[in-house]
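The next block holds one structure in the form of structure tokens; read it before the comments.
Positions are given from 1 along the sequence. Quick caveat: nothing in here was measured; it's all calculated off a predicted structure.
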Amino acid sequence: LTCHGIAGHPYKDANPKKGVIGVAEAADKEIIPATQHSSRSAGQGPDLKDMVLIPSGEFIMGTDDRLRDEKPLHVVYINSFSIDKFEVTYEAYKIFVDATGHPAPDNWKENKYPAGKGKHPVIFVDWNDADAYCRWSGKRLPRETEWEKAARGTDGRIYPWGNTWDMNKSNNPLRGHEGTMPVGSFENGKSPYGLYDMSGNIWEWVDDYYVPHPGSDHVSPEFGTKYRMLKGGSWWDCSFYSCGISAPVFNRAFFAPSTRNDSFGFRCVSDAQ
């Protein structure tokens with residue numbers, strides 16, 4: 001908080017409709033239904049077990065109180081979708097690797113994930129690995145707008161659990177862990193929709209390129225199609241921030257899509273059935 005400032009509540013001294021932009025910036029993109037390029041059996045849709053339906057409607061995205069690329073606070077409307085309640089685990093990713101022959105992550109030996117880590121989120125996966133898994137499972141990676149609504153709800157909160165920082169509600173750098181924890185470890189850290197680990201544990205790849213929010217006047221040489229985005233922070237605060245925590249739901253990270261490390265993973269979404 002010393003590093004990044006106290007964000008405060010986005011509703012503070014503001015009309016909830018302030019900065020209305022309209023539909024998500026991704027709405028103009030042509031989205032091919034995931035089932036059209038899934039390798040699952042013909043006629044078999046995505047497995048919706050352990051997924052949560054996020055209803056259509058508006059939500060508050062971004063903030064006016066912190067980093068320039070997180071601005072402006074604006075209202076976005078998106079259609080309903082389903083999202084994984086948990087981050088994709090080693091166990092789930094192993095099924096994908098065995099079924100498709102997709103290369104295993106770098107920390108696996110003889111095509112086996114680290115012992116005792118089955119319920120932990122899979123790591124050392126780049127954007128392309130995450131995208132391939134989601135498509136194979138009949139799903140897709142979430143858009144940034146979808147991820148942020150699922151993590152934040154509709155009241156403009158700063159963290160999945162509310163507006164007050166609590167180091168005991170996520171696997172964050174201040175806890176001092178040397179890596180990931182099993183998914184779903186923090187019952188009191190759930191998002192308004194009941195999703196686990198939307199802050200901390202691992203950064204999660206999203207579908208979007210790193211571009212400014214609608215209505216932003218911020219100009220950055222990094223904007224464009226060079227970098228893909230991640231959301232949610234992790235157990236380790238990456239050197240991009242150098243200090244503090246990366247816990248707020250409006251936080252945005254960007255890396256080359258070929259980046260793999262021990263704090264990057266993902267979850268998938270499905271268009272509403």
- Is the shortest distance from a Lys or Arg side-chain nitrogen in K231 or E144 to a carboxylate oxygen in the other one below 4.0 Å? yes
- Are the charged groups of D271 and R140 less than 4.0 angstrom apart, N to O? yes
Which residue pairs pass the salt bridge (Lys or Arg N to Asp or Glu O under 4.0 Å) test with at least one member in [range], sequence neighbours excluded?
{"range": "residues 182-195", "answer": "E187-K190"}
{"range": "residues 96-114", "answer": "K94-D98"}
{"range": "residues 256-266", "answer": "D126-R260, D129-R260"}

- Is a side-chain donor or acceptor of S185 paired with a backbone partner of M181 at a separation under 3.5 angstrom? no
- Query: Judged by atom type as modelled, is there a donor-acceptor pair below 3.5 Å linking the side chain of E148 to the main-chain atoms of G62?
  - Reply: yes
- Query: Parallel, tilted or perpendicular: which fits the ring planes of W161 and W165, with parallel below 30° and perpendicular above 60°?
  - Reply: tilted
- Message: Students often mix this up, so state it plainly: with edges at 30° and 60°, are the rings of F264 and F255 parallel, tilted or perpendicular?
- Response: perpendicular
- Task: Any chance you could lay out the side-chain contact (heavy atoms from CB on, under 4.5 Å) test for Y90 and N107, step after step, and finish with the verdict?
- Result: CA-CA 11 Å; Y90 280 109; N107 64 332; 2.9 Å; yes
Taking only residues two or more places apart in sequence, or in another chain, which ones meet [X] in a side-chain hydrogen bond (donor to acceptor under 3.5 Å, both in side chains)?
{"X": "D197", "value": "none"}
{"X": "Y93", "value": "none"}
{"X": "W235", "value": "none"}
{"X": "T180", "value": "H120"}

- Step by step, work out the side-chain contact (heavy atoms from CB on, under 4.5 Å) result for E87 and F266. CA-CA 6 Å; E87 295 155 334; F266 66 101; over 6 Å; no
- Query: Just one of V269, V206, D207 clears the side chain to side chain contact (heavy atoms under 4.5 Å, CB included) bar with L141, so which one?
  - Reply: D207
- Query: Under 6.0 Å from the CD atom of E178, do we count more than 12 heavy atoms belonging to anything else shown?
  - Reply: no
- Message: Surrounding CG of N168 (heavy atoms of other residues, nucleotides or ligands, distance under 6.0 Å), is the total greater than 12?
- Response: yes
- Linked, directly or transitively: M167 and F186 (ILVMFWY side chains, under 4.5 Å): no
- Query: Is NZ or CZ of R228 both nearer than 6.0 Å to the six-membered ring centre of Y209 and within 45° of the ring axis?
  - Reply: yes
- Query: When you check the side-chain N and O atoms of D69 and Y210, is any donor under 3.5 Å from an acceptor?
  - Reply: yes
- Between S220 and E222: side-chain donor-acceptor atoms closer than 3.5 Å: yes
- Under the ring pair (Phe, Tyr, Trp, His ring centres under 6.0 Å) test, residues paired with F124 that sit two or more places apart: none
- Taking ring pair (Phe, Tyr, Trp, His ring centres under 6.0 Å) as the test, write out the residues that go with Y227, two or more places apart. F254
- Members besides V183 in its Ile/Leu/Val/Met/Phe/Trp/Tyr cluster (side-chain heavy atoms under 4.5 Å): F86, Y196
- Would you please name every residue forming a side-chain contact (heavy atoms from CB on, under 4.5 Å) with R68, sequence neighbours left out? H218
- Partners passing salt bridge (Lys or Arg N to Asp or Glu O under 4.0 Å) against E204 (at least two apart in sequence or in another chain): R267
- Message: Would I60 and D155 count as a side-chain contact (heavy atoms from CB on, under 4.5 Å) here? Give the steps.
- Response: CA-CA 7 Å; I60 297 171; D155 60 4; over 6 Å; no
